[in-house]
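Reviewing the structure listed below.
Residues take their numbers from the sequence shown, with the count starting at 1. Values in this document were obtained by computation on a predicted structure and should not be read as measured data.
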Amino acid sequence: MLESDEKMDGEVEDDFHLGYSGELEEYHNELEEGLQKPEDELMADCRCYRPGYPSHRFFIMYHGTTWANALKIQAGGFIPSLNGMLGPGVYLSRSFQKASKYPRNGRQQKLAVLKVNVRVGKVKRIDYQGHPLQTTWHQHGYDTAWVPPNCGMVASGLEEDCVYDPNRIQVLQIIPQ
């Protein structure tokens with residue numbers, strides 16, 4: 001899980017440089033990166049950190065759910081949604097505020113937010129409704145679709161991510177709500 005990506009000749013470039021990493025918490029879990037422990041976290045502008053290596057892009061994200069589902073996810077991993085605004089995948093946000101508003105149904109149950117480490121890989125920016133790759137980005141070689149904040153796609157104005165492969169996601173913590 002969370003293994004390296006190999007860049008191949010003719011591979012599509014991603015939209016990572018289009019503001020994806022600005023002022024976000026980057027999570028490093030590779031000892032060769034000079035960190036003492038895998039759980040060390042630091043703030044980084046990933047545009048300056050190995051920008052040509054998508055396999056080295058790890059970010060802290062959040063996923064809101066019920067407590068019971070959080071325990072299931074921690075034990076067995078995420079099950080991707082079959083559809084949604086960005087098509088199939090696991091929906092996450094780098095905004096704890098946004099994740100804490102989910103799930104929308106089942107709020108009478110005990111709730112939790114999962115703090116996760118995500119190897120984002122190649123990122124596709126989807127910044128308007130009807131984008132030609134809005135639900136097909138993975139078929140074009142991307143690992144993560146990203147809706148930037150305040151682009152009109154999400155009513156809250158907060159960013160959203162969809163990660164196609166749940167093996168790119170590692171649960172770090174369950175935060176009770």
Checklist entry - If you draw a 6.0 Å radius around CD1 in Ile79, do more than 12 non-hydrogen atoms from other residues or ligands fall strictly inside? => result no
Next on the checklist: I'd like to know whether CD of Gln97 has more than 12 heavy-atom contacts from other residues, nucleotides or ligands below 6.0 angstrom.
Outcome noted: no
Exam field: side chain [X] to backbone [Y], donor-acceptor pair closer than 3.5 Å:
{"X": "Asp143", "Y": "Lys122", "result": "yes"}
{"X": "His63", "Y": "Tyr91", "result": "yes"}
{"X": "Gln74", "Y": "Ala70", "result": "no"}
{"X": "Ser81", "Y": "Gly84", "result": "no"}
{"X": "Arg168", "Y": "Val118", "result": "no"}

Looking at [atom1] of [X] and [atom2] of [Y], how far apart are the two atoms once the value is rounded to the nearest 0.5 Å?
{"X": "Gln173", "Y": "Ile60", "atom1": "CD", "atom2": "CD1", "value": "9.5 Å"}
{"X": "Ile126", "Y": "Met153", "atom1": "CD1", "atom2": "CE", "value": "7.0 Å"}
{"X": "Phe59", "Y": "Thr144", "atom1": "CZ", "atom2": "OG1", "value": "10.0 Å"}
{"X": "Tyr62", "Y": "Lys98", "atom1": "OH", "atom2": "NZ", "value": "15.0 Å"}
{"X": "Gln170", "Y": "Phe58", "atom1": "CD", "atom2": "CZ", "value": "8.5 Å"}
{"X": "Gln129", "Y": "Cys151", "atom1": "CD", "atom2": "SG", "value": "8.5 Å"}

Checklist entry - Do Tyr128 and Met85 belong to the same hydrophobic cluster, where Ile, Leu, Val, Met, Phe, Trp and Tyr are linked whenever their side-chain heavy atoms lie under 4.5 Å apart, directly or via other members? => result no
Between [X] and [Y], is any pair of side-chain heavy atoms under 4.5 Å apart?
{"X": "Phe78", "Y": "Val171", "result": "yes"}
{"X": "Pro166", "Y": "Pro80", "result": "yes"}
{"X": "Pro103", "Y": "Thr66", "result": "yes"}
{"X": "Asn117", "Y": "Ile169", "result": "no"}
{"X": "Leu111", "Y": "Thr65", "result": "no"}
{"X": "Gln177", "Y": "Val113", "result": "yes"}
{"X": "Ser93", "Y": "Met61", "result": "no"}
{"X": "Ile73", "Y": "Leu71", "result": "no"}

Next on the checklist: Quick one, Tyr164 with Val90, criterion side-chain contact (heavy atoms from CB on, under 4.5 Å). Give me CA distance, side-chain angles, the key distance, then yes/no.
Outcome noted: CA-CA 6 Å; Tyr164 187 81; Val90 178; over 6 Å; no
Looking at every non-hydrogen atom in both residues, tell me the closest pair between [X] and [Y] and how far apart they are.
{"X": "Leu133", "Y": "Tyr142", "value": "CD1-CE1, 4.2 Å"}
{"X": "Cys162", "Y": "Trp137", "value": "O-CH2, 3.3 Å"}
{"X": "Gly121", "Y": "Arg57", "value": "O-NH1, 3.4 Å"}

Checklist entry - Stepwise, does the side-chain contact (heavy atoms from CB on, under 4.5 Å) test hold for Leu158 with Val147? => result CA-CA 8 Å; Leu158 299 171; Val147 174; over 6 Å; no
Checklist entry - Strictly by modelled atom types, are Ser95 and Glu159 linked by a side-chain donor-acceptor pair under 3.5 Å? => result no
